[in-house]
Amino acid sequence: MKFTLIAQDAGTAARAGEIVTSRGTVRTPVFMPVATRGAIRALSGRDVDELAFDIILSNTYHLYLRPGLEVLREAGGLHAFMRHHRPILTDSGGFQVFSLSDFCRVSEDGVEFRSTHDGSLHFFTPEKVLEIQEVIGSDIMMVLDQCTDYPIDAKRSREAMERTLAWAARSRLAWGERFDPEVQSLFGIVQGSVFADQRRECTGRLAELSFPGYAVGGLSVGEPKELYRDMTALTLPLLPPDRPRYMMGVGSPMEILFAVAHGADMFDSVMPTRIARNGTLYTSEGRIHIKSSRFRTDQGPLDPSCSCYVCARYSRSYLRHLYHAGEIAALIYNTHHNLHFMKSFMEEARAAIIAGTFGGLLERWGALYGEDDAR
RNA sequence: GGUGAGGUUCCCGAGCGGCCAAAGGGAGCAGACUGUAAAUCUGCCGGCGUAGCCUUCGAUGGUUCGAAUCCAUCCCUCACCA
């Protein structure tokens with residue numbers, strides 16, 4: 001993997017770049033749709049091909065539990081398994097282990113947890129998680145980290161941060177010893193919850209380990225938006241400027257734009273796909289609830305200025321009907337549209353950075369998605 | 001024509017003397033969702049001046065301090081038999 005900066009905004013820290021991987025180039029800033037179990041929920045591979053995201057995200061935890069490593073190994077890795085030829089980033093499973101397991105025991109060595117599928121016991125170590133991601137064949141791997149909930153007290157946050165750093169060091173070592181950095185790269189993750197001193201310290205110590213890229217974790221987990229903004233604005237500038245910066249789990253359009261303005265390059269979130277399935281759609285005029293009665297007979301397109309096939313072809317009235325009727329097509333169309341929105345949203349941001357008009361874009365979107373969306 | 005079962009708030013459906021404006025679904029309406037245990041979840045869902053009052057459980061008339069619940073008559077459904 002190789003990261004090159006192409007342009008920097010004059011008024012903000014926003015930047016445009018390129019991550020070149022062995023499977024293709026990722027133009028940043030980029031949004032990565034989430035294909036947790038090897039598929040973007042509700043979408044066919046054809047939709048995914050048509051949307052043509054430079055990179056998508058999948059998940060170590062879920063793939064390890066099902067279908068399991070044997071199946072993935074036999075298939076020749078995740079790309080071959082799902083017939084997807086563009087880059088894939090995998091989350092390490094740290095987030096899942098800590099957020100959805102009712103049983104997990106952390107020790108210095110790793111974390112023991114119960115499978116959400118069948119209750120069986122498993123043990124993840126930083127090294128183990130790299131081995132799994134090796135089998136998956138991810139282009140960008142993530143280190144095992146301890147993601148904390150919000151709220152959390154400073155003491156427990158620090159413990160999680162120290163553990164994350166210790167695991168990061170081991171991960172960095174194991175990666176350096178056995179991985180080809182051109183083929184599979186590895187990102188470290190900053191933790192520290194909403195504590196400025198911890199964020200600062202964690203960022204500095206993580207940077208000393210010299211990862212190919214850096215992620216900011218533990219944000220957009222329910223904290224007030226001021227804290228999200230404070231931590232983002234504090235952390236991003238402390239990360240090495242010549243490496244990609246990835247805001248994990250972020251987020252909504254305005255949160256993304258805010259972070260881009262502070263120098264972030266990569267994003268992922270379940271938000272556009274999940275809210276699509278639940279009837280909320282992004283448009284150039286703000287968020288809309290397609291199930292609302294006000295669209296009952298609305299013959300207009302979902303978003304007049306969107307170029308996706310759903311907007312080209314279907315009316316709001318029809319999409320509302322499909323949603324209410326519980327048709328599977330509603331999930332497909334809504335998801336396709338929201339992801340198309342995210343993709344063009346990011347392309348627009350990138351183009352603006354390159355053209356030197358990012359400030360204007362920030363203002364325009366802020367007016368539409370401002371307070372409402374920036375939670 | 002005979003026998004049996006039944007008619008409950010938009011729909012289905014519980015209730016079978018007071019704790020019933022009436023369980024539970026569904027539909028409808030509004031909202032939430034952030035490194036996906038989510039096609040999920042939450043709230044509202046007879047009316048109003050909302051710790052109270054008014055209207056409502058096929059219709060009418062009774063019994064009772066009190067009826068969706070008991071009785072009588074009528075209307076209407078459904079099932080089986082002729």
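Here is how names work: the chains are called A, B, and so on, in the same order as the sequence lines, proteins then strands, and each is numbered from 1.
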ask   = Side-chain donor or acceptor of A/Gln96 under 3.5 Å from a matching atom on the base of B/U36?
value = no

key: Base-pairing mate for B/C78 - Watson-Crick or G-U, with both contacts under 3.5 Å   = B/G4

remark   = Side-chain atoms of A/Asp268 come closest, of B/U36, B/C33, B/G35, to B/G35

query = How long is the gap from CG on A/Asp54 to CZ on A/Arg27, to the nearest 0.5 Å?
reply = 4.0 Å

ask   = In whole Å, what is the span from the CG atom of A/Asp91 to the C1' atom of B/A37?
value = 15 Å

task = When you get a sec, tell me which of B/C29, B/U36, B/A39 is the closest nucleotide to the side chain of A/Val34?
result = B/U36

query = Which nucleotide, B/C33, B/U40, B/G35, lies nearest any side-chain atom of A/Lys291?
reply = B/U40

ask   = Are A/Thr164 and A/Gln191 close enough that a side-chain donor and a side-chain acceptor fall under 3.5 Å?
value = no

message = OP1 or OP2 of B/U34 versus the side-chain N and O atoms of A/Ser220: is any pair under 4.0 Å?
response = no

ask   = Quantified in whole Å, what is the C1' atom distance between nucleotide B/C20 and nucleotide B/U56?
value = 11 Å

query = Considering only side-chain heavy atoms of A/Tyr323, which listed nucleotide, B/U36, B/G28, B/U40, is closest?
reply = B/U40

inquiry  = Between B/C45 and B/A21, how far apart are the two C1' atoms, rounded to whole Å?
reply    = 12 Å

task = Can you tell me the pairing partner of B/A67 across any strand shown, Watson-Crick or G-U wobble, with both distances under 3.5 angstrom?
result = none

message = Is it true that A/Ser120 and A/Asp118 share a donor-acceptor pair across their side chains at a distance under 3.5 Å?
response = yes

key: Polar side-chain contact A/Ser292-B/C29 base: donor and acceptor under 3.5 Å   = no

Partner nucleotide, any strand, of B/U55 [Watson-Crick/G-U, under 3.5 Å] = none

ask   = Can you tell me how far P of B/U34 sits from CG of A/Asn278, to the nearest Å?
value = 10 Å

inquiry  = For the C1' atoms, the ones on B/C12 and on B/U8, what distance do you get once it is rounded to whole angstrom?
reply    = 11 Å

ask   = So, does the side chain of A/Asp145 form a donor-acceptor pair with the base of B/G35 at under 3.5 Å?
value = yes

note = Picking from B/U40, B/A32, B/G35, the nucleotide nearest the side-chain atoms of A/Arg287 would be B/A32

inquiry  = Suppose you measure atom P in B/C29 against the same atom in B/A79; what distance do you get, rounded to whole Å?
reply    = 34 Å

query = Does any nucleotide pair with B/A30 by Watson-Crick or G-U wobble geometry, both distances under 3.5 Å, and what is it?
reply = B/U42

ask   = Taking the side chain of A/Thr273 as heavy atoms from C-beta outward, which of B/U36, B/G35, B/A39 is closest to it?
value = B/U36

ask   = Do any side-chain nitrogens or oxygens of A/Arg277 fall under 4.0 Å of OP1 or OP2 in B/A38?
value = no

key: Contact under 4.0 Å: A/His289 side-chain N or O vs B/C29 OP1/OP2   = no

Interatomic distance, A/Phe98 CZ vs B/A37 C1' [rounded to whole Å] = 17 Å

ask   = Taking atom types as modelled, is there a side-chain donor on A/Asn59 or A/Thr36 under 3.5 Å from an acceptor on the other?
value = no

